[in-house]
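Following: one structure in structure tokens, then a few remarks.
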Amino acid sequence: MDVIEAISERKSIRGFKPDPVPKALLKEILETATRAPSALNSQPWEFAVITGSILDQIRAANIEKLNSGAPMSPDHVSALWPKESRYRERQVDLAKRIFSLMNIAREDREKRNAWQERGFRFFEAPVAIIVMADQVLTESAPLLDIGLVVENICLTAVAHGLGTCIEDQGIFYPEVIRNLADIPETKRLIISIAMGYPDTEFAANQLKTPREPVDQMTTWVGFS
Ligand SMILES: Cc1cc2nc3c(=O)[nH]c(=O)nc-3n(C[C@H](O)[C@H](O)[C@H](O)COP(=O)(O)O)c2cc1C
């Protein structure tokens with residue numbers, strides 16, 4: 001698969017087959033993905049790759065926190081924008097598309113809650129990758145580099161027939177992951193990636209999200 005195909009095929013996968021992903025394949029994916037460039041080759045990323053009973057315990061503990069109303073306290077906040085903004089409009093559009101595919105009515109609180117819980121359960125993926133940065137780095141400096149490695153992970157996964165969903169929800173309760181996966185306080189949890197073999201029957205996996213036309217976000221300078 002060439003890189004353009006992988007970029008075009010990648011999309012967020014929110015329903016997975018239960019089949020395990022071999023550790024050797026996950027290692028190969030990380031070896032490929034960490035060819036990503038980084039400022040001064042600083043490679044400011046670290047990973048916890050979690051599967052099996054520990055991941056199940058994390059899912060359960062996340063849901064317990066969520067349902068107890070515990071405040072979410074992510075180490076890093078990635079989605080924050082004004083209510084009246086095009087970013088918010090796109091967020092609402094995404095939710096509408098997912099809920100329509102999943103047959104979740106706007107007023108159906110129970111199904112909406114169940115959908116939210118799904119995110120906190122890593123969409124039942126067999127693997128969760130937690131992407132971290134050392135606390136000696138400032139919070140913002142490594143983010144560009146980490147974005148590059150995260151996309152590389154997702155693209156390499158596609159080339160191996162795997163699906164991914166990059167997700168904030170997985171690390172909204174960082175203390176859950178720290179405790180159960182034994183991650184020291186010195187690591188900042190930046191983002192998580194749910195990974196596994198896509199369940200092609202799962203409705204939300206049909207979603208191909210729209211993009212704005214390039215000319216709307218681009219200023220062409222010096223072209224005739
Ligand atoms: C930083 C980041 C955080 C995200 N967090 C979540 C999340 O918590 N839950 C979720 O369902 N999707 C999450 N996503 C996936 C986005 O919703 C998705 O990438 C976007 O809608 C575009 O769709 P696509 O990935 O299918 O192209 C996240 C993506 C990124 C890049």
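Everything numeric in this text was worked out from a predicted model, so none of it was measured. Counting starts at 1 for both ligands and their atoms, following the listed order.
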Are [X] and [Y] within salt-bridge range, i.e. N to O under 4.0 Å?
X	Y	result
Asp108	Arg112	no
Glu175	Lys65	yes
Arg59	Asp56	yes

Give me the residue, atom name and distance of the protein heavy atom closest to [atom].
atom	value
atom 26 (O) of ligand 1	Ser12 N, 2.8 Å
atom 9 (N) of ligand 1	Gln169 OE1, 2.9 Å
atom 23 (O) of ligand 1	Thr209 OG1, 3.0 Å
atom 5 (N) of ligand 1	Asp168 N, 3.1 Å
atom 13 (C) of ligand 1	Ile166 O, 3.1 Å

Worksheet item: Looking at side-chain heavy atoms only, is the closest gap between His160 and Val21 below 4.5 Å?
Response: no
Worksheet entry | Linked, directly or transitively: Ile13 and Leu55 (ILVMFWY side chains, under 4.5 Å) | no
Discussion item. Check for me, please, whether Leu66 and Val176 land in the same ILVMFWY cluster - side-chain distances under 4.5 Å, paths through other members count.
Written reply: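 Yes, one cluster joins them.
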Worksheet item: For Lys11, is at least one N or O under 3.5 Å away from an N or O on ligand 1?
Response: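 Min N/O separation from ligand 1 is not below 3.5 Å for Lys11.
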Worksheet item: Between Ser192 and Gly170, what is the shortest heavy-atom contact and its length?
Response: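 That would be OG-CA, 3.6 Å.
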With a 4.0 Å cut-off on heavy atoms, is [X] touching ligand 1?
X	result
Cys165	yes
Arg10	yes
Arg211	yes

Worksheet item: Stepwise, does the side chain to side chain donor-acceptor pair (under 3.5 Å) test hold for Asn67 with Glu117?
Response: CA-CA 9 Å; Asn67 290 339; Glu117 286 190 6; 3.2 Å; yes
Worksheet, complete the sentence: If you compare Gln91, Arg97, Arg14, Glu151 by their heavy atoms, the one closest to atom 17 (O) of ligand 1 turns out to be Arg14
Worksheet entry | Winner among Leu143, Ile191, Asn205 once heavy atoms are compared against atom 1 (C) of ligand 1 |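 The residue whose heavy atom sits nearest atom 1 (C) of ligand 1 is Ile191.
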Worksheet entry | Interfacing atoms of ligand 1 (cut-off 4.0 Å, heavy-atom, Leu94) | 17 (O), 21 (O)
Worksheet item: If you count the atoms of ligand 1 from 1 in the order shown, which ones are under 4.0 Å from a heavy atom of Ser78?
Response: 1 (C)
Worksheet entry | Asp75: which of Gln135, Arg178, Lys187 passes side-chain hydrogen bond (donor to acceptor under 3.5 Å, both in side chains) | Arg178
Discussion item. If we count only non-hydrogen protein atoms and require a distance under 4.0 Å, does atom 20 (C) of ligand 1 qualify as touching the protein?
Written reply: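 No.
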